Amino acid sequence: MDLNLTLGGPQGGGIDTSSNMITRAFAAAGYNVFGVREYHSNIKGRHSYNHLRVKEERPRSLKYPVDILIALDPDTIFEHIEDVGEGTKIVYDKQFETSDLASARMIMRDTAKRIKETLQDEKLPLNIKGALQLMQKKGGSPIAVPFNEVVSSAISDGVPTRYFNTLGSAITLAIAGLPSEFGEESIRQVFSAKESVVAENIKVVKAAYEYCNNNKLAGKPIPKLPKKKRFLITGNDGSAIGKLMGGLRFQTYYPITPASDESSILEEHGAISFIENENRSLKDSGIVIVQTEDEISAVTMAQGAAITGARSSTATSGPGFSLMAEGISFAGMDEVPILITLYQRGGPSTGLPTRNGQSDLLFALNTGHGEFPRIVISSGDVEECIYDAMKGLNYAQRYQMPVLHLIDKNLANTSDLVPEIDSKRVKVSQVLATKDSESFRRYNLDTENGISNPGYLGKNIFWMTGDEHDELGHVTEDPDVRDRMMRKRFQKLKTVEDEVPMNDRAVLYGPSDAEITFVTWGSQKGVILDVMEDLKAKKISANLLYIKMFEPFPSEFVSKILKKAKLVIDVESNMLAQAARVIRTNTGINIEKSILKYNGRHITEDELLESAMNIYNNRKEEKLEEVLENGA
Amino acid sequence: MAHNFKSDVTVDWCPGCGDFGILTSITQALSELNLDPHNVVSVSGIGCSGKTPHYLNIGGIHTLHGRSIPFATGVKLSNPNLKVIVPGGDGDMLGIGAGHFVAEGRRNSGLTIIIFDNEVYGLTKGQAAPTMQLGEKTKGLSRANIFGKVNPIALALASGYSFVARGFSFDMKQLKEIIKTAILHEGSSVIDVLQPCPTYNNINTMDYYRKKVYKLEDDKSWDPVVTGESMDKAIEQFQKAYNKGLEWEERIPTGIFYDNRAIPSFTKRLNEFVPQYFKNPPSDQIVSGVDGFTPVDVVKTFADKTI
């Protein structure tokens, strides 16, 4: 099975709950579900949707056209006019049929204008009927369901509209051929705490199935697969889980999309166990999470905690990260172990605050004034978020420098079913304070690997200053000490290169010899791996050079692969092909072909395959750039 | 032998600087409180005041301009057993760092904030600081100050600080006692210290202040301590403190304006949510399991995310 669906409705209208239901129902039947959440910077009313994919094996990407489009409001039909194709079933409330485009005020004006022009070009009326006719032309089949009647037949009191999202999900499940019991099971999971709510919603599920059966909408029953225990988590969850496992004790944040979810998750799950020093027994404790007055405070407060020995972190997004620049420079200068999780969204400025972007790579590599060592890592799927957050905390502690962990919005809001979280994959090593003495030198220069004596305020007496400093941490402007301190700090990057395995820095997926070599980072990993399979079916071999660590950059490894590659295609969610620039700076190799997307939406398998084929077919050209445009 | 709280680093403030009196008051206060030097740290910002941690023989962080409060808060919340002294300039606290200053009043973490208030930015050649009067023209200025001034006492009270005082750097006896009380105060304290800059402020000089200052404690009926037993009395005490804080032109009050012991500290508030917070604070926990891996039971902790 390969079922693609989009479920849309007004923000605040229970879209996420619906999507959760669908995911849990398929999961209960043993299937794998992968999804991305798209939403406006708005609390109530504007169009939001979840794009999901269901397969027997684990899906890694999403695809258009969808098989089922579920519209919980008329806007969804207008917004997704392009996302349907041969065989798409469009499920909607019959009442929507009277809606005009002109009255769909929650559609952004420019979007409405574009939809209007599309309908006018096709000489179709500017209303739902026109939109549905266009969808039919593309091969879609509208399924009008009297939402109110179906719900009212099941629920005697209460507002029927409150159950429309459950109805939409249940109809989807019925059309997909999933037996009703799984829909009911998902209701029990989603509304677990409230018995009466569970009962009412199950009635709606039953009514939906009955309606579908009576109207010959129910799909051919799909088989039940062996059920395994899994984690249903997002990228935000992954980072939070990794931080908890990695020994985080102090997290600061200032509210910002899409980063603050991580801190909320930590607050909800912040009661943890730790090992008591004296008798090595397991004790209960918790993480301190502080909502600060701004991101300047977030990055500096986390450092204050780190200086006392607590593993510390903060999470933010572009605008907040900009404010952190000076503080990050301090962490570099004063060798403060701190993990900064940077959730990238569409910039510049406020940009596309709830949409995807990968435009902060160059900034992350250069944030802060002056020259100082840092580690910059990036995750490409939900599982990587977990282990990378753990490793990030380890790196910060071991190498005593700021570690920036990049996660894009697309990944932050990707939900995935993860079969296992392996607590033995990454060691969590304690870095204890050096035994204190009168002559404790926090920044001792007699170190080959650049790493000085660890020390923590409260346990050691030492000084720190943003100024250049001597071994004790006092201000110095002595030219010789300056030179030696600069070299000592940068020596640590060489140590990182010596100690961190290449698998954690860059990975080559696929055959070592291939006709196409994709280069990417972040959340495009999954969609490229899927496109590689599609290409294989077309007898075109492809591999993927996937970069995980940008500083220190794995220059030799990358260079070796790119030098023997036949056709290199860089894939990124930004306009300037930033990773390609980093590669050029570090290896001198120019990547001349790229597939880029900067409209803030996730890259889908269909569009990437099409663009990859375009480039492949025109590979004799010196320079090629494809810009992807999918997504409502 | 008693710990010498003064470090051996050469002090490079100008001769006659009011900062010396503050430094001495701090070291004397620490000595008299007989604190373990490992249990007290100082966290500063930038400027002449920012150098203070280097002159103290206790752990110290000389941070960024305006950011001493969040750094210090991180230290305090991660290890609530530490006493955290925060020396800062008027620009540091009330200009570039004003947002943090207000936020810390709301938190009440337990910091001892000492404002080196000389109305100028000394290290950058005497520009007007946020505490300088409108129309004042000190010798470092090419034209009279066209900004109004912020009142540190009133702002501290309005921000929610539970201990608000003013000292004069040439009255070290009083200042030392204020600092001692502030260090022992559980919540966050603000001490505005009148500290003449002999190089750039030729108006607010030592003599200028000597003529104007008077001590609140000289009035035997002055009672700044709020116990929280009577809400009416607490409100009256706040209003009195605020009104005293507005006095400036003729006479300038020094001493403790407000000492509210009823407002719970941020560490106490955290303790409500973080199990064993005081006994095993974040700074003291072992994060590595006996086998070198995480001791966190991920399935149990994230049971709500398993299906």
Side-chain angles (χ1 to χ4, degrees), chain A residues 24 27 189 229-233 237 241 244-245 247 249-250 269 271-275 277 280 282-286 288 290 292-294 296-297 300-305 307-311 326-327 330 421 423-424 427-430 456-467 474-475, chain B residues 7 9 37-39 41 43 46 51 53-54 57-64 66-67 69-79 81-82 99-100 102-103 270 273-277 280-299 301-302 304-307:
Chain A
R24 284 172 182 270
Q189 289 180 16
K229 199 171 182 68
R230 284 164 295 174
F231 289 89
L232 171 57
I233 52 175
D237 290 323
I241 292 169
L244 264 175
M245 289 168 63
R249 287 297 177 272
F250 200 92
H269 303 85
I272 37 101
S273 305
F274 75 103
I275 303 290
N277 208 357
R280 308 291 286 167
L282 204 62
K283 293 271 171 182
D284 289 337
S285 188
V288 169
V290 186
T292 56
E293 59 274 26
D294 56 33
I296 296 173
S297 178
T300 51
M301 195 182 290
Q303 288 185 63
I307 294 165
T308 68
R311 287 199 172 201
E326 192 190 15
F330 184 92
I421 296 175
S423 58
K424 302 271 191 277
K427 276 214 168 197
V428 181
S429 47
Q430 188 83 24
Y456 305 118
L457 288 187
K459 297 181 179 64
N460 307 88
I461 291 180
F462 60 93
W463 293 267
M464 302 177 94
T465 171
D467 288 55
H474 287 308
V475 176
Chain B
S7 80
V9 174
H38 285 90
N39 287 346
V41 300
V43 183
I46 291 292
K51 298 177 177 185
H54 297 288
N57 191 15
I58 52 175
I61 324 175
H62 173 196
T63 74
L64 305 167
R67 316 303 168 207
I69 287 176
F71 269 104
T73 307
V75 170
K76 181 73 185 177
L77 300 185
S78 175
N79 187 348
N81 304 315
L82 295 177
H100 307 308
V102 171
L270 274 177
F273 300 99
V274 183
Q276 305 195 59
Y277 172 61
N280 298 302
S283 63
D284 284 15
Q285 293 178 24
I286 301 292
V287 297
S288 178
V290 183
D291 56 359
F293 292 101
T294 181
V296 173
D297 181 344
V298 71
V299 177
T301 310
F302 291 94
D304 61 327
K305 299 202 183 285
T306 55
I307 55 171

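Chain letters run A, B, ... following the sequence lines, proteins first, then strands; residues in each count from 1. Excluded from the calculations below are hydrogen atoms, water molecules and symmetry mates; all remaining heavy atoms, backbone and side chain alike, are included. What you are looking at is a predicted structure, and each value in this text was computed from that prediction instead of being measured.
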(request) Mind checking the CG-OG1 spacing from L77(B) to T308(A)? Nearest 0.5 Å is all I need. (result) 9.5 Å
(request) Search all heavy atoms of G458(A) against all heavy atoms of N79(B) and return the closest pair with its distance. (result) CA-ND2, 4.5 Å
(request) Identify the heavy atoms of P282(B) and V288(A) that sit nearest to each other, and give their distance. (result) CG-CG2, 3.6 Å
(request) Could you tell me which portion of V298(B) (side chain, backbone, both or neither) has an atom closer than 4.5 angstrom to a non-hydrogen atom of chain A? (result) both
(request) Decide yes or no for M301(A) and V75(B): does some side-chain heavy atom of the first lie under 4.5 Å from some side-chain heavy atom of the second? (result) no
(message) Between D291(B) and K424(A), does any side-chain N to carboxylate O distance fall below 4.0 Å?
(response) yes
(request) Return the minimal non-hydrogen interatomic distance between L457(A) and G60(B), and the atom names on each side. (result) CD2-N, 4.2 Å
(request) Would you indicate whether the side-chain heavy atoms of R67(B) and E326(A) approach each other to under 4.5 Å? (result) yes
(request) Check each atom of F462(A) against the heavy atoms of chain B and say whether the ones under 4.5 Å are side chain, backbone, both or neither. (result) backbone
(message) So does I286(B) get a backbone contact from the side chain of Q430(A), meaning a donor-acceptor N/O pair under 3.5 Å?
(response) no
(message) Below 4.5 Å, heavy-atom pairs only: which of G466(A), S423(A), G309(A), G304(A) has the largest tally toward chain B?
(response) G304(A)
(request) Report the option among A72(B), G292(B), A103(B) that has the most heavy-atom pairs separated by less than 4.5 Å from atoms of chain A. (result) G292(B)
(request) Heavy atoms only, distances under 4.5 angstrom: which of G247(A), G327(A), A302(A) has the most pairs with chain B? Name it, please. (result) G247(A)
(message) Are I296(A) and H100(B) packed together at the side-chain level, in the sense that at least one heavy-atom pair is separated by less than 4.5 angstrom?
(response) yes
(request) Output the option from N39(B), T73(B), I61(B) having the highest count of non-hydrogen pairs under 4.5 Å with chain A. (result) I61(B)
(message) Heavy-atom cut-off 4.5 Å, strictly under: side chain, backbone, both or neither for V299(B) against chain A?
(response) both
(request) Return the option, out of N57(B), T301(B), L64(B), with the maximum number of heavy-atom pairs under 4.5 Å with chain A. (result) L64(B)
(request) Heavy atoms only: give me the nearest K305(B)-I233(A) pair and the separation to one decimal. (result) CD-CG2, 3.8 Å
(request) List the atom of V475(A), the atom of H54(B), and the distance in Å for their closest heavy-atom pair. (result) CG2-NE2, 3.5 Å
(request) Check for a donor-acceptor pair, side chain of W463(A) on one end and backbone N or O of G59(B) on the other, with a separation under 3.5 Å. (result) no
(request) Check whether any side-chain heavy atom of F293(B) lies under 4.5 Å from a side-chain heavy atom of K427(A), and answer yes or no. (result) yes
(request) Side chain from CB out, backbone as N, CA, C, O: work out which of these in I307(A) comes under 4.5 Å of a heavy atom of chain B, or both, or neither. (result) side chain
(message) Rounded at 0.5 Å granularity, tell me how far OG1 in T306(B) sits from CD1 in I421(A).
(response) 9.5 Å
(message) Once side-chain contact (heavy atoms from CB on, under 4.5 Å) is applied, do any residues pair with P37(B), and if so which ones, sequence neighbours excluded?
(response) I461(A), H3(B), F5(B), I58(B)
(request) Let me know if N81(B) has heavy atoms under 4.5 Å from chain A in its side chain, its backbone, both or neither. (result) neither
(request) Pick one of side chain, backbone, both or neither for L270(B), based on which atoms fall under 4.5 Å of a heavy atom in chain A. (result) side chain
(request) Please name the pair of heavy atoms, one in S283(B) and one in K459(A), separated by the smallest distance, quoted to 0.1 Å. (result) O-NZ, 3.5 Å
(request) Could you tell me which of A27(A), S429(A), A305(A) has the largest number of non-hydrogen atom pairs under 4.5 Å with chain B? (result) A305(A)
(request) Using a 4.5 Å cut-off on heavy atoms from C-beta on, say whether the side chain of K229(A) contacts that of I307(B). (result) no
(message) For Y277(B), which atoms come within 4.5 Å of any heavy atom of chain A: side chain, backbone, both, or neither?
(response) side chain
(request) Verify, without hydrogens or angle tests, whether S288(B) (side chain) and V428(A) (backbone) share a donor-acceptor contact under 3.5 angstrom. (result) yes
(message) What's the separation between atom CZ in F302(B) and atom CE in M245(A), rounded to the nearest 0.5 Å?
(response) 9.0 Å
(request) Compute whether any side-chain donor of one residue and acceptor of the other, for H38(B) and N460(A), lie under 3.5 angstrom apart. (result) no
